[in-house]
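Predicted, not measured: the structure shown is a model, and the values here were computed from it. Order of listing sets the numbers, starting from 1, for every ligand and every atom in it. Values reported hereafter were calculated over all heavy atoms of this structure, with side chains retained and with hydrogens, waters and symmetry mates removed.
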Amino acid sequence: MTTEPFSINRLVIIGVGLIGGSLGLALGGTGKVSETIGYGRSANHLARARERGAIDDWSTNLKDAVTDADMVMIATPLRAMPDIFSELKLYVNSNCIITDAGSAKQRVVEAGRSLLGDVFSNFVPGHPIAGLEKSGIEAANRELFVGHNVILTPCNETNTRALESVIALWTEVGATLMTMSSEQHDQILALTSHLPHIIAYSLVSLLSKNAIGDSEVSDLAAGGFYDISRIASSDPIMWRDICLENREQLLYQIEDYQKMIDSFASLIRLGDAKALEVMFEDARLARSKIGERR
Ligand code: NAD
């Protein structure tokens, strides 16, 4: 994958929260972006993002923000993106590169194709595989993307100039690039990220239903529970949107997982010690390989 030297005049970040704010912070001081403008709905949040150095200036008017932009990064929750596409089409110049950071890709691509009109060929769908269970500008940090993968899911229409510029943007902040189809992205992420979040949220809900108010129960939530439930602190709006935007793939993985739970339940019911041991040993071996790779 080629990397063009990266330099742009006006970068606009739509949604200056954890991901948008971290990107702005990481680019600040590189001297590669002349000005970074934030767009959002809350003047207070945007003012705070400027105070933290994530953006140079901001606007709550999309037209003002994106006029003359060379690149627009959309880092809002997924379901806000279609309306943003419809408006962007009206205001950006025909060379403006548009990209996003959304955690599911197929529906974003479909929305872009139907709403961005002629500038769809400048759209490079993306997803940084970096994040936190925290959200908002206060959680943003300039190192967030260093050493992490960013997946781009260009389509047939995507022009090479746009793709190379977005590759250069992410390379500048220390990320490693991968490309794949949006279908493949959604299949893989449903299993590696979206299903684990559903499992974490459901475990915490189960504990809560079974008396988390009872201090003995919560005090005795062991280290394993704490580890596996950490991601259940993630933003509810973001996860609502990911579940709905990747629903087919996620439902498929949830059904597969239910079968796996059923297998464990039946072995436990049968008292099949040997088969349980084999299942744990196989999983332990698979887990150690994941650990080695990271
Ligand atoms: P966040 O809540 O920290 O930030 C989102 C920002 O978008 C907020 O400032 C919010 O006010 C703003 N916003 C919401 N609706 C808007 C609208 N209609 N117009 C303009 N601004 C709007 O969320 P985040 O964690 O930065 O996630 C942003 C995107 O990145 C999501 O699509 C998410 O799927 C994706 N993503 C998140 C992570 C993660 O771990 N948090 C990782 C990779 C990708």
Side-chain angles (χ1 to χ4, degrees), residues 12-26 36-52 54-55 58-66 72-88 91 98-109 111-112 115 125-146 148-153 170 173 175 178 182 185-186 188-190 192-194 196-197 200-201 230-247 250:
V12 177
I13 299 176
I14 299 184
V16 195
L18 171 69
I19 297 295
S22 297
L23 182 65
L25 284 172
T36 302
I37 308 297
Y39 165 80
R41 300 162 306 173
S42 156
N44 285 344
H45 287 165
L46 291 164
R48 180 64 189 135
R50 183 168 62 183
E51 204 172 271
R52 284 211 59 202
I55 50 176
W58 54 268
S59 174
T60 53
N61 179 304
L62 189 66
K63 183 178 179 197
D64 290 348
V66 302
V72 173
M73 161 63 72
I74 309 172
T76 63
L78 285 163
R79 297 198 122 199
M81 292 185 189
D83 286 347
I84 292 170
F85 287 151
S86 301
E87 281 199 77
L88 273 183
Y91 306 137
I98 302 166
T99 186
D100 81 302
S103 305
K105 296 270 56 96
Q106 267 180 282
R107 281 194 161 78
V108 172
V109 171
L115 298 168
H127 177 202
I129 311 299
L132 291 173
E133 66 279 14
K134 296 177 183 144
S135 55
I137 184 63
E138 297 306 336
N141 85 78
R142 67 178 69 249
E143 301 291 321
L144 189 67
F145 308 112
V146 176
H148 285 264
N149 289 316
V150 170
I151 301 175
L152 302 180
T153 66
W170 285 114
V173 299
M178 298 172 75
S182 53
H185 169 280
D186 286 2
I188 295 173
L189 271 291
T192 59
S193 169
H194 307 169
H197 277 81
Y201 279 115
R230 177 183 57 79
I231 53 177
S233 306
S234 304
D235 185 62
I237 303 288
M238 181 172 120
W239 281 98
R240 176 201 68 188
D241 285 10
I242 292 171
C243 289
L244 297 176
E245 296 295 292
N246 195 20
R247 71 186 80 169
L250 180 54

Heavy-atom pair of closest approach, residues [X] and [Y]:
X	Y	result
Ala65	Ser59	CB-CB, 4.2 Å
Trp58	Ala47	NE1-CA, 3.7 Å
Asn246	His194	ND2-ND1, 3.1 Å
Ile129	Ile151	CD1-CD1, 3.8 Å
Asp100	Lys105	OD2-NZ, 2.8 Å
Ser22	Asn141	OG-N, 3.0 Å

With respect to [X], determine whether any N or O atom, backbone or side chain, lies less than 3.5 Å from an N or O atom of ligand 1.
X	value
His45	no
Ile19	yes
Pro128	no

Among Ser103, Ala49, Ser42, which one puts a heavy atom closest to atom 34 (O) of ligand 1?
Ser103

Just go through Gly131, Ala140, Ala65, Ala101 and tell me whose heavy atom is the nearest to atom 30 (O) of ligand 1.
Ala101

Which residue and atom name correspond to the protein heavy atom nearest [atom], and how close is it?
atom	answer
atom 14 (C) of ligand 1	Arg41 NH2, 3.2 Å
atom 2 (O) of ligand 1	Ser135 CB, 3.8 Å
atom 18 (N) of ligand 1	Ala80 CB, 3.6 Å
atom 7 (O) of ligand 1	Gly15 CA, 3.4 Å
atom 3 (O) of ligand 1	Gly136 N, 2.6 Å
atom 39 (C) of ligand 1	Met238 CE, 3.5 Å
atom 31 (C) of ligand 1	Thr76 O, 3.2 Å
atom 5 (C) of ligand 1	Ala75 O, 3.5 Å

Contact between Arg107 and Leu78 at the side-chain level, heavy atoms closer than 4.5 Å - yes or no?
no

Does the side chain of Leu62 reach to within under 4.5 Å of the side chain of Val12, using non-hydrogen atoms?
no

Quick check on contacts: which atoms of ligand 1 are under 4.0 angstrom from a heavy atom of [X]?
X	result
His127	43 (C), 44 (C)
Tyr39	20 (C)
Ala130	42 (C), 43 (C)
Gly102	32 (O)

Is there a side-chain contact (heavy atoms from CB on, under 4.5 Å) between Glu138 and Arg52 once you walk through the steps?
CA-CA 8 Å; Glu138 297 306 336; Arg52 284 211 59 202; 4.1 Å; yes

Any donor-acceptor N/O pair, Tyr39 side chain to Ile74 backbone, under 3.5 Å:
no

Is it the side chain (CB and beyond), the backbone, both or neither of Leu132 that lies under 4.0 Å from ligand 1, heavy atoms counted?
backbone

Of the backbone atoms (N, CA, C, O) and the side-chain heavy atoms from C-beta on, which set of Glu133 has a member under 4.0 Å from an atom of ligand 1: side chain, backbone, both, or neither?
neither

Got a second to check how far Asn149's CG is from His127's NE2, nearest 0.5 Å?
10.5 Å

I'd like to know whether Ser234 forms a side-chain contact (heavy atoms from CB on, under 4.5 Å) with His197, so could you lay out the CA-CA distance, the side-chain angles of the two residues, the decisive distance to 0.1 Å, and finally the verdict.
CA-CA 9 Å; Ser234 304; His197 277 81; 3.7 Å; yes

